[in-house]
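Keep in mind the model is a prediction, meaning the values are calculated, not measured.
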Amino acid sequence: MTTLASGTDTLTRDALTVLQPGFTGTTAPDWLLRRLGEGLASVGLFGRNIASPGQLAALTAQLRAERDDVLVAIDEEGGDVTRLEVRNGSSFPGNHALGAVDDVELTRQVAHELGRRLAACGVNLNWAPSADVNSDPRNPVIGVRSFGADTGLAARHTAAYVTGLQSAGVAACTKHFPGHGDTAVDSHHALPRIDVSAEILAERELAPFRAAIAAGTRAVMSAHILVPALDPDRPATLSRRILTGLLREELGYDGLIVTDGMEMRAIAGTYGIERGSVLAIAAGADAICVGGGLADDATVLRLRDALVGAVRAGELPEARLAEAADRVRALARWAGTAGRTAESTHGTEIGLHAARRALTVTAAPGLGDPATFKPLTEPPYVAALTPVANIAVGDETPWGVAAELMHLLPGTVTGSFSAGDGPESEAGENAGRAALQAAGPRRIVAVVRDEHRHPWMASALDTLLAARPDTVVVEMGVPQAAPRGALHIATHGAARVCGRAAAEVIAGAVGR
């Protein structure tokens with residue numbers, strides 16, 4: 001039974017209720033349990049908090065022993081962004097792979113199975129799916145996290161994902177409103193800007209969010225982006241015009257609005273997290289996400305006191321804070337009644353099945369029909385051309401095809417090559433030559449991720465293919481560059497199951 005500390009006044013409880021903080025470690029620290037007793041209603045989990053499904057279940061039980069209606073949130077998108085399987089890679093392909101298949105029932109099934117696994121571990125709020133239309137192929141932070149660049153496709157799969165996830169008793173949090181797809185800047189590092197008309201926004205960016213609302217999404221996450229056509233002064237997370245005027249009043253959404261991480265530089269580097277949190281609640285947000293980077297009691301107290309101080313100073317209406325806290329509690333009530341550990345109705349291999357269907361297998365012009373490709377029978381050399389991982393994905397999660405090829409072709413050897421310093425073309429040539437030297441006589445499998453965004457990667461492939469035209473190329477990002485190599489496999493994502501599906505094709509072991 002939830003027990004609130006008797007000395008905590010209503011205003012302070014409400015200020016704690018709207019926070020969604022993180023913490024370090026695989027068990028709940030004493031300070032977190034204490035704040036739950038004082039009114040904190042949500043906790044955010046990240047890869048650092050998860051060692052195994054059993055440990056995660058024990059952690060969420062520990063939280064619920066202190067407060068039985070706590071919202072336990074996570075950003076488990078599947079695909080490249082995974083927390084449940086942060087150290088091994090996801091058992092589910094991400095959005096871009098599902099969009100490539102374009103089977104809404106498959107998307108619903110994958111989301112349901114992912115939700116079932118979350119619910120079995122005691123997680124009841126997922127900061128997913130990404131409803132962003134990835135209209136700018138240079139996008140450094142969305143990419144394969146999007147269902148694709150087509151608005152209609154993104155809309156129908158967003159709705160299917162919301163339906164599937166919530167059918168397992170886990171609340172969906174559709175993100176990043178009003179759409180983070182048409183950006184070439186990562187809001188973890190700076191404030192992106194989208195300079196298109198309100199008409200284009202309505203037709204393109206907003207369509208997937210309308211679909212999510214119609215599907216009953218329980219939460220929506222705001223984006224730290226500046227959209228001058230909607231509000232020339234403040235980013236969406238801090239904009240009353242966008243959160244209240246557009247999302248609430250125009251689109252008719254009445255569920256929980258969650259901010260993206262407030263410690264991201266787009267907010268922390270311009271407004272600061274305290275001022276930013278006050279402005280976000282005033283604008284119409286109901287929950288403040290913080291804890292990806294700042295994950296301690298001092299951060300919780302700073303934000304609690306900033307909200308309480310703003311109310312007492314007349315800068316934030318107390319009724320607005322109370323309304324936000326009520327929405328958090330309402331979602332907690334829904335999660336308490338909807339939560340269940342459902343049986344798997346689609347089989348635990350649904351993720352691999354989807355990853356196999358998502359593959360696009362081609363070859364460079366003049367190098368033959370991929371249907372006539374002779375699978376490798378000897379262990380190859382896998383050259384991973386590795387870009388810097390964005391913060392959302394992180395660098396903990398392994399990617400590529402080497403581990404899966406090692407199972408199918410024991411003796412497979414791998415190496416990782418990056419841009420390093422200096423001009424990109426020179427760096428690429430150096431990486432290509434280094435890969436050739438390391439490979440020796442072995443057949444080469446070159447693995448890339450968003451070749452079109454990395455000139456050094458394209459240069460490295462040029463060097464490899466000039467010397468070894470029989471090289472197999474596996475693109476695990478958004479496939480924008482022209483296919484090349486004796487065989488070109490686009491996986492539409494870098495999840496572990498995507499690597500498995502590609503390895504099966506290379507080794508001729510599909511279904512093994």
Original post:
At their closest point, which heavy atom of Asp195 faces which heavy atom of Pro228, and how far apart are they?
Top reply: OD1-CG, 3.5 Å
Original post:
Is any NZ, NE, NH1 or NH2 atom of the basic residue among Asp75 and Lys175 found under 4.0 Å from an Asp or Glu carboxylate oxygen of the other?
Top reply: no
Original post:
Roughly how far, to the nearest 0.5 Å, is CG of Leu63 from CG of Leu71?
Top reply: 11.5 Å
**OP:** For Asp136, check salt bridge (Lys or Arg N to Asp or Glu O under 4.0 Å) against everything at least two apart and list the hits.
**Re:** Arg138
**OP:** Check whether any side-chain N or O of Glu475 sits under 3.5 Å from a backbone N or O of Val447 as a donor-acceptor pair, and report yes or no.
**Re:** no
Original post:
Can you tell if the side chain of Asn95 reaches within under 4.5 Å of the side chain of Val144, non-hydrogen atoms only?
Top reply: no
**OP:** Determine whether the side chains of Asp14 and Thr17 contain a donor N or O and an acceptor N or O closer than 3.5 Å.
**Re:** no
Original post:
Atom CD1 in Ile213, atom OG1 in Thr158: separation rounded to 0.5 Å?
Top reply: 11.5 Å
Subject >> Stepwise side chain to side chain contact (heavy atoms under 4.5 Å, CB included) test for Thr491 and Met476 >> reply: CA-CA 5 Å; Thr491 61; Met476 304 196 81; 3.6 Å; yes
Original post:
Between the main-chain N or O of Gly291 and the side-chain N or O of Glu263, is there a donor-acceptor pair closer than 3.5 Å?
Top reply: yes
Subject >> Non-hydrogen atoms of Ser222 and Thr259 that approach each other most closely >> reply: OG-CA, 3.4 Å
**OP:** Flag the pair Arg234 and Asp231 as a salt bridge only when some basic side-chain nitrogen lies within less than 4.0 angstrom of an acidic carboxylate oxygen.
**Re:** no
Original post:
Which heavy atom of Arg320 sits nearest a heavy atom of Ile281, and at what distance?
Top reply: NH1-O, 2.7 Å
**OP:** Kindly indicate whether the side chain of Arg327, heavy atoms from C-beta on, has any atom under 4.5 Å from the side chain of Asp254.
**Re:** yes
Original post:
To the nearest 0.5 Å, what is the distance between OG1 (Thr10) and CD (Glu318)?
Top reply: 8.0 Å
Original post:
Using the ring of each side chain (for Trp, its six-membered ring), is Phe177 parallel, tilted or perpendicular to Phe209, with breaks at 30° and 60°?
Top reply: perpendicular
Subject >> Worked check of side chain to side chain contact (heavy atoms under 4.5 Å, CB included) between Ile74 and Trp127 >> reply: CA-CA 6 Å; Ile74 198 170; Trp127 293 318; 5.6 Å; no
**OP:** Would you sort out whether Arg210 and Leu251 count as a side chain to side chain contact (heavy atoms under 4.5 Å, CB included), showing the intermediate values?
**Re:** CA-CA 7 Å; Arg210 290 194 194 94; Leu251 300 185; 3.9 Å; yes
Original post:
Rounded to the nearest 0.5 Å, how far apart are CG of Leu206 and CG of Leu246?
Top reply: 5.5 Å
Original post:
Taking the side chain as C-beta and beyond, is there a heavy-atom pair between Ile288 and Leu303 under 4.5 Å?
Top reply: yes
Original post:
Salt-bridged, Arg275 to Glu315, with N to O below 4.0 Å?
Top reply: yes
Original post:
Is a side-chain donor or acceptor of Thr270 paired with a backbone partner of Ala266 at a separation under 3.5 angstrom?
Top reply: yes
**OP:** Examine the side chains of Asp462 and Ser459 and answer whether a donor and an acceptor come within less than 3.5 Å of each other.
**Re:** no
Subject >> Distance-only donor-acceptor check, side chains Thr386 and Ser416, under 3.5 Å >> reply: yes
Original post:
Between Val328 and Gln20, does a side chain to side chain contact (heavy atoms under 4.5 Å, CB included) hold up when you go through it step by step?
Top reply: CA-CA 10 Å; Val328 174; Gln20 292 190 346; 5.8 Å; no
**OP:** Keeping the roles fixed (side chain from Asn139, backbone from His180), state whether a donor-acceptor pair exists under 3.5 Å.
**Re:** yes
**OP:** Kindly determine whether Thr244 and Glu249 satisfy side-chain hydrogen bond (donor to acceptor under 3.5 Å, both in side chains), including the steps that lead there.
**Re:** CA-CA 6 Å; Thr244 298; Glu249 296 171 359; 6.0 Å; no
Original post:
Taking C-beta and beyond as the side chain, do Tyr253 and Thr217 meet within less than 4.5 Å on heavy atoms?
Top reply: yes
Original post:
Heavy-atom distance under 4.5 Å between the side chains of Leu98 and Phe92, does that happen here?
Top reply: no
Subject >> Euclidean distance, Leu84 CG relative to Cys121 SG, rounded to 0.5 Å >> reply: 6.0 Å
Original post:
With a 4.0 Å cut-off, would you call Glu274 and Arg302 a salt bridge?
Top reply: yes
Original post:
Is a side-chain donor or acceptor of Glu66 paired with a backbone partner of Arg34 at a separation under 3.5 angstrom?
Top reply: no
Original post:
With a 4.0 Å cut-off, would you call Asp80 and Arg449 a salt bridge?
Top reply: yes
**OP:** Check Ala383 against Ala435 and note the closest heavy-atom contact, atom names and distance.
**Re:** CB-CB, 4.0 Å
Subject >> Arg333/Asp69 salt bridge by N-O under 4.0 Å criterion >> reply: no
Original post:
So, do Leu201 and Ile194 sit near enough that their side-chain heavy atoms are less than 4.5 Å apart?
Top reply: yes
Original post:
Distance-only, no hydrogens or angles: does the Asp450 side chain make a donor-acceptor pair with backbone N or O of Arg453 under 3.5 Å?
Top reply: no
**OP:** Look at the side chain of Ser146 and the backbone N and O of Ile142, then say whether any donor-acceptor pair between them is shorter than 3.5 Å.
**Re:** no
Subject >> Heavy-atom closest contact (Val72 atom, Gly122 atom, distance) >> reply: CB-O, 3.8 Å
Original post:
Is a salt bridge present between Arg204 and Asp132, judged by a nitrogen-to-oxygen distance below 4.0 Å?
Top reply: no
Original post:
Got a sec: does the CG of Asp30 have more than 12 other heavy atoms crowding it under 6.0 Å?
Top reply: no
**OP:** Measure from the side-chain N and O atoms of Asp182 to the backbone N and O of Ser135, and report whether any donor-acceptor pair falls under 3.5 Å.
**Re:** no
Original post:
Which atom pair, heavy atoms only, marks the closest approach of Leu243 to Ala283?
Top reply: CB-O, 3.6 Å
Subject >> Rounded distance [0.5 Å steps], CD1 in Ile267 versus NE2 in His224 >> reply: 5.0 Å
Original post:
Mind checking whether Cys173 and Leu125 have side chains closer than 4.5 Å, heavy atoms only?
Top reply: yes
Original post:
Do Thr82 and Glu76 have side-chain heavy atoms sitting under 4.5 Å apart?
Top reply: yes
Original post:
Residues in salt bridge (Lys or Arg N to Asp or Glu O under 4.0 Å) with Glu85, at least two apart?
Top reply: Arg496
Original post:
Is it true that a side-chain atom of Thr397 and a backbone atom of Val86 form a donor plus acceptor pair closer than 3.5 Å?
Top reply: yes
Original post:
Any donor-acceptor pair under 3.5 Å linking the side chain of Asn124 with the backbone of Val170?
Top reply: no
Original post:
What pairs with Arg218 under salt bridge (Lys or Arg N to Asp or Glu O under 4.0 Å), at least two apart in sequence or on another chain?
Top reply: none
